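Below you'll find the structure, written out as structure tokens, and then a few comments.
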Amino acid sequence: MKSFIITFILSLICVIAYAKPHCQGFNNYDNKVTVVFTDDKVDSQYEVTDVKLITYGKEYSATSVTTTVKDGTAKVILIFPHITQFSNPKVKLRINGKKMTFNVCQ
């Protein structure tokens with residue numbers, strides 16, 4: 001029982017420490033693809049690098065990454081080249097050096 005409680009507490013700490021981004025918006029207007037996500041478990045440093053949009057097995061590098069942090073929440077705007085067709089798009093990136101992949105909301 002003691003082992004279970006320790007494992008549960010450590011799991012909870014890991015979830016809190018490594019929150020995943022949450023997709024807030026996705027569109028392909030104005031001859032570009034825009035993905036907006038937030039992350040509400042943020043310290044003062046939030047560096048987003050190596051950003052790729054993946055769809056139909058192809059990877060597209062971000063042309064712009066804008067990050068703002070306010071009151072412990074990061075808002076990130078990713079811009080990619082214009083793409084007209086999508087199939088289960090995902091974003092692959094690094095946040096503060098940690099690799100992450102998340103589904104793009106549609």
Side-chain angles (χ1 to χ4, degrees):
M1 184 65 171
K2 197 183 260 187
S3 174
F4 172 76
I5 292 172
I6 291 170
T7 302
F8 177 76
I9 290 171
L10 289 174
S11 297
L12 186 59
I13 289 170
C14 288
V15 168
I16 291 170
Y18 296 108
K20 281 200 160 195
H22 303 284
C23 185
Q24 299 296 309
F26 168 77
N27 70 61
N28 63 342
Y29 304 134
D30 299 326
N31 207 27
K32 62 186 175 187
V33 174
T34 304
V35 177
V36 178
F37 73 85
T38 59
D39 192 339
D40 59 0
K41 303 288 188 216
V42 177
D43 291 329
S44 59
Q45 180 185 358
Y46 199 83
E47 182 181 22
V48 179
T49 57
D50 302 330
V51 182
K52 307 279 186 195
L53 176 66
I54 304 166
T55 185
Y56 286 114
K58 294 183 181 180
E59 292 187 0
Y60 301 89
S61 295
T63 57
S64 173
V65 177
T66 305
T67 305
T68 56
V69 178
K70 183 177 179 184
D71 298 328
T73 299
K75 179 179 179 181
V76 181
I77 301 172
L78 308 173
I79 307 293
F80 299 92
H82 189 251
I83 305 166
T84 56
Q85 295 182 344
F86 300 90
S87 176
N88 192 27
K90 297 181 186 318
V91 171
K92 180 172 73 171
L93 47 71
R94 288 181 185 266
I95 298 175
N96 296 333
K98 182 177 186 225
K99 289 182 181 181
M100 295 191 158
T101 301
F102 67 93
N103 293 326
V104 174
C105 51
Q106 293 188 48

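What you are looking at is a predicted structure, and each value in this text was computed from that prediction instead of being measured.
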*Starting at OG1 of Thr101, measure out to CG of Leu93 and round the result to the nearest 0.5 Å.*
7.0 Å
*Go through the structure and list residues passing side chain to side chain donor-acceptor pair (under 3.5 Å) with Ser61, not counting sequence neighbours.*
Lys52
*State which residues pass ring-ring contact (aromatic ring centres under 6.0 Å, His included) with Phe37; sequence neighbours excluded, sorted by chain then number.*
Phe102
*Closest non-hydrogen atom pair, Gln45 against Asn96*: O-ND2, 3.2 Å
*Which pairs, with at least one residue in residues 41-88 and sequence neighbours excluded, count as a disulfide bond (SG atoms under 2.5 Å apart)?*
none
_Checking Lys90 now: which residues fulfil side chain to side chain donor-acceptor pair (under 3.5 Å) with it, not counting sequence neighbours?_
Asn103
*Go through the structure and list residues passing side chain to side chain donor-acceptor pair (under 3.5 Å) with Glu47, not counting sequence neighbours.*
none
Output a table of donor-acceptor pairs, distance under 3.5 Å, between side-chain atoms of residues 67-75 and any protein atom two or more places apart or on a different chain; print 'none' if there are none.
none

_Residue pairs, two or more places apart or on separate chains, that pass disulfide bond (SG atoms under 2.5 Å apart) and touch residues 45-104_ = none
*With side chain to side chain contact (heavy atoms under 4.5 Å, CB included) as the test, would you mind laying out the steps for Val76 and Tyr46 before giving the verdict?*
CA-CA 10 Å; Val76 181; Tyr46 199 83; 3.8 Å; yes
_Contacts of type side chain to side chain contact (heavy atoms under 4.5 Å, CB included), residue Ser87, not counting sequence neighbours_ = Thr55, Tyr56
*Sort and list the pairs that fulfil disulfide bond (SG atoms under 2.5 Å apart) and have at least one residue in residues 57-106, not counting sequence neighbours.*
Cys23-Cys105
_Phe86: which residues meet the ring-ring contact (aromatic ring centres under 6.0 Å, His included) condition with it, sequence neighbours left out?_
Phe26
*Determine which pairs satisfy side-chain hydrogen bond (donor to acceptor under 3.5 Å, both in side chains) with at least one residue from residues 23-32, sequence neighbours left out, and list them in order.*
Gln24-Thr38
*asked:* Do Ile54 and Tyr60 sit in one hydrophobic cluster, given that two such residues count as connected whenever their side-chain heavy atoms are within less than 4.5 Å of each other, even indirectly?
replied: no
*Fellow cluster residues of Val36, listed by chain then number, with links counted only when side-chain atoms sit under 4.5 Å apart*: Ile77, Ile79
*Taking C-beta and beyond as the side chain, do Leu53 and Val91 meet within less than 4.5 Å on heavy atoms?*
yes
*If you round to the nearest 0.5 Å, how far is OG1 of Thr49 from NZ of Lys99?*
11.0 Å
